[in-house]
Amino acid sequence: MFKPLDRNGIAARIARDIPEGWFVNLGIGIPTGVSDFVPEDREVIFHAENGVIGIGPAPAPKDINPYLVNAGVQHITLRTGGAFVHHADSFAIARGGHLDLCVLGAFEVSENGDIANWARSPDEPVKQVGGAMDLAVGAKRLWVAMEHNTKGGGESRIRRVCSYPLTAKGVVRRVYTDLAVLDVTPAGFVVVDMVEGLTFEALQERTEATLIRGASR
Amino acid sequence: MFKPLDRNGIAARIARDIPEGWFVNLGIGIPTGVSDFVPEDREVIFHAENGVIGIGPAPAPKDINPYLVNAGVQHITLRTGGAFVHHADSFAIARGGHLDLCVLGAFEVSENGDIANWARSPDEPVKQVGGAMDLAVGAKRLWVAMEHNTKGGGESRIRRVCSYPLTAKGVVRRVYTDLAVLDVTPAGFVVVDMVEGLTFEALQERTEATLIRGASR
Amino acid sequence: MIDKFVSTRAEAMAGIADGSVILLAGFGAGTPEYLVAGLIEQGAKDLTLVVNAGGRDDGPIADLLASGRVKKLICSFVRPASVAGRLYQAGNLDLEIVPQGTLAERIRAAGAGVQAFYTPTAADTLLAEGRETRVIAGRNCLLEYPIHGDVALIDAWEADRWGNLTHRDSARNYNPIMAMAAKMAIVQTAHVVPLGAIEPANVHTAGVFVQRVLHVPG
Amino acid sequence: MIDKFVSTRAEAMAGIADGSVILLAGFGAGTPEYLVAGLIEQGAKDLTLVVNAGGRDDGPIADLLASGRVKKLICSFVRPASVAGRLYQAGNLDLEIVPQGTLAERIRAAGAGVQAFYTPTAADTLLAEGRETRVIAGRNCLLEYPIHGDVALIDAWEADRWGNLTHRDSARNYNPIMAMAAKMAIVQTAHVVPLGAIEPANVHTAGVFVQRVLHVPG
């Protein structure tokens, strides 16, 4: 028997793998929670698309500064040592390869590292792109945080080929799901880690793409 | 009889035509002198390529600030209200059409507004380009300050076609020489002004391009 | 004496023509709301609005869209459940969706005199369909053009009479680059300061990019 | 704890490989002279040097060129009577002359992830011979590519342990954009300040662009 991670569990698992000194952008959804699980004494510098470098913890309601929000338009604080830049400079950080890591949510990831996270169909009437395409192609490494399977049908989001419109091609390095941690390699998805009690075979059963056993499995 | 303007005379003549509120870049040579002839109470804002907005008068030797130079690497002062930007932002001002005026020196100007000011021959071994090509294409208006004729041979620098390598094509609006002020128009060079005592015919004699009488001539 | 201050909102908005491209700064903070109300009041129509996102059901962007004066919206995303989303789905609004970083870079390009640029962002996506791409240094890239504004509506924390500005905290966002990219940058500032009060090294938007300033105490 | 300070010049310059592209900031002011001496001492050769201008007969650029370690010089102008001018005319130095604004924009493009851009600067000149041009919005434009550095040598007035910098007056010039454009930005700073001492709104070069900092009191 095994217990899938909840959304916080995925966020905490990701936080474990972020070393001190990295510049990191966290997407909306599960990724936003990652910063809560980085210990305060480990200096990781979080960036937001709207020009904030060095996001601190959420403020107490009485300390809210209306001039200070993140890319999800939530009130934030700034860490000592943080800085503000304008939107083009902020995306120069994202697109110019200066982020050590970006963590995005997604609908699907394919075995060659494609990510689909902005539309469920090419015919969707209104497109919600935001900054994901910029971050996906620009960061030094892209990790994805998502549930392994869709909610209703239990279909695999870990795909041979993405069925949804792409955000970017061949950019995902690693996927953190509620069941496992998978590396995207030239040979395909390699299983780095699984939740306790889950077997490789059971994971493969829940996964459309063919998985490869990692060194420790 | 007439007396050609000296270099200061040309600079002073140009200064007369610069209204309050303009953002202006002055090239090396005669143009550098223009700012000395703008009255202190007329607010004209001078820009330098190295990121200075609002150049003030030269400092007294005891007031020299080694961190503050212009694009000719001369010590300067900053006017109250001035600002510093980095090199790409400084050239965004120059190339993005934000300068009301740039005044450059030149070897030659042609009747379609071409300017040649960086090399006397295509075979010159070492090229000295600097920022002139950027300023020439980027400023809202380009004026040229130069002697009407070459020093030795007395050849005309006001040409039908430039004989020297171009800095930019079709960008000069007006030329200030020691003899006259000429507008570049679709019909050719129009004489706006001449030094006292000079006749249109005498000016034409000293000019390779065909001149057109201005409204007041 | 250079003095870019105007004394009324009507004066600030004077002369905005029908068909203008309006760059509207702001991202959660830093939206010049008083000027947006002024634009609606001023009455220019057939506008192209360039803004980070299409807004929600209320707020300045929704108000401007609901006024019926906007013909085309250029932004990085639109919520289906919003004034913008409904206008678009009803066929009453043209929409150009641009990735947010490309949007910022296209605006900056307009201000900096860059005539076009190649970026890998969106090159392998639906947004690239029918458009010019090119492989550079092994990466597929999309050709993008500058977005020039006729007018930019800008928010500032401090302003002096030359139009030098500071922006507060993350309210900076699009303000400096939109001021650069427009023929007429109109600013609402919370504070008026004397010339020289802003440190020359710490001017966030230089006066060279600013045409009119209105004092709108916060 | 992040701490980008190194304690010796040798440590600051460690690991610079033969064949590196070196971005050297400065324009009359703001040249990190102590680091240039360190680069000569360090001994890397076959370098490509990117700098505003080729320098004169003495000074840090002349010293570096005279050391024989520079194979190629990319800059906006070279004086015939200078170390650079003589080396080039003797066939001992490759030279790429780039208009100054295009040079700054190409460096900024490298830092910002722009893969190429079109500019009207130099499009109708000798510098465009044999190169790709294109008419955009009625203007002839030249295609320009980013200039990436392996190393940038940077001057600062103040620095904190995250590598946030300020630059003094016009000593700013190429420093912020060259820091952005290099894999390894090495800084010499006149002053060391505690984290938080530089106002977040007034950081001139953010620590995200800086890898090593050496305190070199002025």
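The chains referred to below are lettered A, B, ... by the order of the sequence lines, with proteins before strands, and numbering in each begins at 1. Remember, it's a predicted structure, so these values are computed and weren't measured experimentally.
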Does any heavy atom of chain D fall under 4.5 Å from the side chain of [X], the backbone, both, or neither of them?
X       : result
N70(B)  : backbone
F84(B)  : both
A132(B) : neither
P66(B)  : backbone

Heavy-atom proximity to chain B below 4.5 Å, by part of [X]:
X       : result
R108(D) : side chain
A53(D)  : neither
I107(D) : neither
F27(D)  : both
N52(D)  : side chain

What residue, out of [options], has the most heavy-atom pairs lying under 4.5 Å from chain B?
options                   : result
P99(D), A171(D), P120(D)  : P99(D)
I177(D), N140(D), N175(D) : I177(D)
A123(D), A122(D), G101(D) : G101(D)
A104(D), G28(D), S170(D)  : S170(D)

* **Under 3.5 Å donor-acceptor, N25(B) side chain and H47(B) backbone** => yes
* Please confirm whether the backbone N or O of I158(B) pairs with a side-chain atom of S156(B), one donor and one acceptor, at under 3.5 Å? => yes
Could you have a look at [options] and say which one has the most heavy-atom pairs with chain D under 4.5 angstrom?
options                   : answer
V73(B), N65(B), V69(B)    : V69(B)
A88(B), G72(B), G51(B)    : A88(B)
E124(B), K169(B), M133(B) : M133(B)

* Does OH belonging to Y164(B) count more than 12 external heavy atoms closer than 6.0 Å? -> yes
* Within 6.0 angstrom of K140(B) NZ, more than 12 heavy atoms from elsewhere -> yes
Side-chain ion pair, [X] and [Y], N-O less than 4.0 Å:
X       : Y       : answer
D150(D) : K183(D) : yes
D124(D) : R139(D) : no
R131(D) : E144(D) : yes

* **Geometric cation-pi criterion, R9(D) with Y34(D): 6.0 Å, 45°** => yes
* Asked: Does F107(B) have R120(B) sitting over its ring (NZ/CZ under 6.0 Å from centre, angle to axis within 45°)?
  -> yes
* **Minimum heavy-atom distance L142(D)-E132(D), with the two atoms named** => CD1-O, 3.6 Å
